[in-house]
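Below is one structure; the comments refer to it alone.
Because the structure is predicted, anything quoted here is derived from the model rather than measured.
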Amino acid sequence: MLPARAAALLGAGGLLLTGCGSGAGSVPGSQADLRDRIPKAVKDAGVLKIGSYLHYPPVDFRDNDAKPAGLDPEIAAAIGDYLGLRVEFVDMPFDKLIPAVQSRSIDLVMSAVIDTKQRQLGAADDGHQADPGVDFVDYFTTGTSMVVKAGNQVPLSTVDSLCGRTVAVQRGTLQDEFATRQMGACPRTGKVLQVHRFDNDDQALAEVASGTAIADLNDYPVAQYNTTTPERVGKFVLANTHFLQSGPYGITVAKDNTALRDVISKALDQVIRGGAYDKILAKWNVSPGAVSSAVVNGGL
């Protein structure tokens, strides 16, 4: 769903995974076949280099040993294991991730990136072509939730209920785009929406804790984490139980890298069918977002 900071390739912090090689004459669609179809540059390197903003628990963050942790790194590890590839995470600002995968400086992005038609097309808000676009392999269903300070008495149930308020968002996220659009819609209600943008969600949440913002808009898994983890229970609650908007998280791939996209999609299907996917979601308390299969470019 994210500060300008230099990208750092994790060495020992990367997830190292190995697997057996494939043989000739593999059955179409089999594990061996998928390993045969990995693009040559990736296969020769033996590595899937994945960009992520590792400051968004429980989806992407660093554990106490500074290693990548969370929903995305664990799903990536399972995909890499199936394909016999090592997985390395590159930590970079959220708004640099899509340009990095488009330039092929990384192979994939996994960072709570919501698949939308606008991102697929590379379209700007006014509709003109801003960049080449990207493809997505959708792997989780999420939505925008509102996190408020415990004890909040302001009714927040609709988009228009935000008008006349101040909300906090993480810069460059879909919630930032959503809030910006709502800023343009609120004047018809006679009220103005103020949006405060921050480099990370913890800063946005602090704005709510201080009472400066009425709500922090963020993705469901993060909202769930912010209202259920022991250190935050009793401090923050969800304003309501429904999403302001919904959409899938997508593994992000360069538009012209269809071979890698298709291999990742098929491998993810196998991870889902094998049961590892459900175990990962249950571990991070986000099972309601499970998908039954990988979908390419399913966002709206």
Side-chain angles (χ1 to χ4, degrees), residues 1-5 7 50-61 70-72 90-102 108-125 130-131 133-134 136 138-148 156 159 162 165-185 193-208 213-227 236 238-239 243-252 286 289 299-300:
M1 119 183 331
L2 10 127
R5 151 179 331 194
I50 303 177
S52 187
Y53 182 73
L54 297 172
H55 308 269
Y56 204 52
V59 185
D60 315 270
F61 63 103
L71 179 70
D72 284 352
V90 182
D91 188 5
M92 63 177 67
F94 187 82
D95 60 357
K96 305 299 183 185
L97 291 169
I98 287 179
V101 82
Q102 288 170 333
L108 307 169
V109 173
M110 289 187 73
S111 192
V113 181
I114 296 178
D115 174 5
T116 66
K117 288 296 182 187
Q118 185 172 357
R119 285 173 169 165
Q120 292 171 29
L121 297 172
D125 288 339
D131 63 63
V134 289
F136 293 98
D138 300 338
Y139 63 99
F140 184 83
T141 300
T142 187
T144 293
S145 298
M146 293 186 285
V147 175
V148 298
L156 298 175
V159 174
L162 296 174
R165 317 290 182 189
T166 297
V167 298
V169 298
Q170 186 167 317
R171 185 178 290 108
T173 61
L174 198 69
Q175 286 72 38
D176 186 357
E177 296 173 16
F178 171 81
T180 299
R181 288 195 300 271
Q182 188 59 23
M183 285 177 69
L193 171 64
Q194 298 288 335
V195 179
H196 291 180
R197 298 171 176 85
F198 297 92
D199 290 332
N200 61 62
D201 190 62
D202 280 344
Q203 293 171 333
L205 206 61
E207 185 96 337
V208 175
I214 191 67
D216 173 20
L217 307 184
N218 54 29
D219 290 339
Y220 152 69
V222 181
Q224 176 82 347
Y225 176 87
N226 285 336
T227 56
F236 303 102
L238 293 177
F243 297 151
L244 295 182
Q245 60 179 354
S246 61
Y249 284 164
I251 301 171
T252 314
V286 293
L300 300 176

If the condition is salt bridge (charged side-chain N to carboxylate O under 4.0 Å, His left out), which residues does [X] pass it with, not counting sequence neighbours?
| X | result |
| --- | --- |
| E177 | R119 |
| D138 | none |
| D131 | none |
| R165 | none |

If you look at every heavy atom in [X] and [Y], which pair is closest and at what distance?
| X | Y | value |
| --- | --- | --- |
| Q102 | G133 | NE2-O, 3.1 Å |
| L217 | A179 | CD1-CB, 4.3 Å |
| A239 | V148 | CB-CG1, 3.9 Å |
| L156 | A215 | CD1-CB, 4.2 Å |
| V169 | D176 | CG2-CA, 4.0 Å |

[atom1] of [X] to [atom2] of [Y]: how many Å apart, nearest 0.5 Å?
| X | Y | atom1 | atom2 | result |
| --- | --- | --- | --- | --- |
| L238 | T227 | CG | OG1 | 4.0 Å |
| T252 | I50 | OG1 | CD1 | 10.5 Å |
| T116 | F136 | OG1 | CZ | 6.0 Å |
| F236 | M146 | CZ | CE | 15.5 Å |

Any side-chain heavy atom of [X] within less than 4.5 Å of one from [Y]?
| X | Y | result |
| --- | --- | --- |
| Y56 | D72 | no |
| Y225 | V59 | no |
| T166 | I214 | no |
| F140 | P221 | yes |
| M110 | L71 | no |
| L205 | V147 | yes |
| L162 | L244 | yes |

Would you check if there is a donor-acceptor pair between the side chains of N218 and D216 at a distance under 3.5 Å?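 There is such a pair (donor and acceptor under 3.5 Å, judged by atom type) between the side chains of D216 and N218.
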
Assess the residue pair D201 and N226 against the criterion (side-chain contact (heavy atoms from CB on, under 4.5 Å)); give the C-alpha distance rounded to whole Å, side-chain angles, the decisive distance to 0.1 Å, and a yes or no. CA-CA 10 Å; D201 190 62; N226 285 336; 3.1 Å; yes

For the residue pair H196 and F198, does the interplanar ring angle fall in the parallel (under 30°), tilted (30 to 60°) or perpendicular (over 60°) class?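 Geometry flag for F198 against H196: perpendicular rings.
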
Measure up the Y249 and Y139 rings against each other and bin them: parallel (under 30°), tilted (30 to 60°), perpendicular (over 60°).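 Aromatic pair Y249/Y139 classed tilted.
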
Counting only N and O atoms by type, is there a donor-acceptor contact under 3.5 Å from the side chain of S111 to the main-chain atoms of Y53?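 Yes, the answer is positive, given that a donor and an acceptor are paired below the 3.5 Å cut-off.
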
If we ignore hydrogens and angles and just use 3.5 Å, is the side chain of R197 paired with the main-chain N or O of R171 as donor and acceptor?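 Side chain of R197 to backbone of R171, a donor-acceptor pair under 3.5 Å: no, none is there.
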
Contacts of type side-chain hydrogen bond (donor to acceptor under 3.5 Å, both in side chains), residue T144, not counting sequence neighbours: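 With neighbours one apart ignored, the set is Q175, Q245.
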
What residues, two or more places apart in sequence or in another chain, satisfy side-chain hydrogen bond (donor to acceptor under 3.5 Å, both in side chains) together with D115?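 Testing D115 for side-chain hydrogen bond (donor to acceptor under 3.5 Å, both in side chains), a comparison that skips the adjacent residues, returns Q120.
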
Take H55 and D60, measure what side-chain contact (heavy atoms from CB on, under 4.5 Å) needs, and give me the verdict at the end. CA-CA 6 Å; H55 308 269; D60 315 270; over 6 Å; no

For L54 and F61, what are the C-alpha separation, side-chain angles and deciding distance, and is it a side-chain contact (heavy atoms from CB on, under 4.5 Å)? CA-CA 4 Å; L54 297 172; F61 63 103; 5.5 Å; no

Between T180 and V195, is the side-chain contact (heavy atoms from CB on, under 4.5 Å) condition met? List the steps. CA-CA 7 Å; T180 299; V195 179; 5.6 Å; no

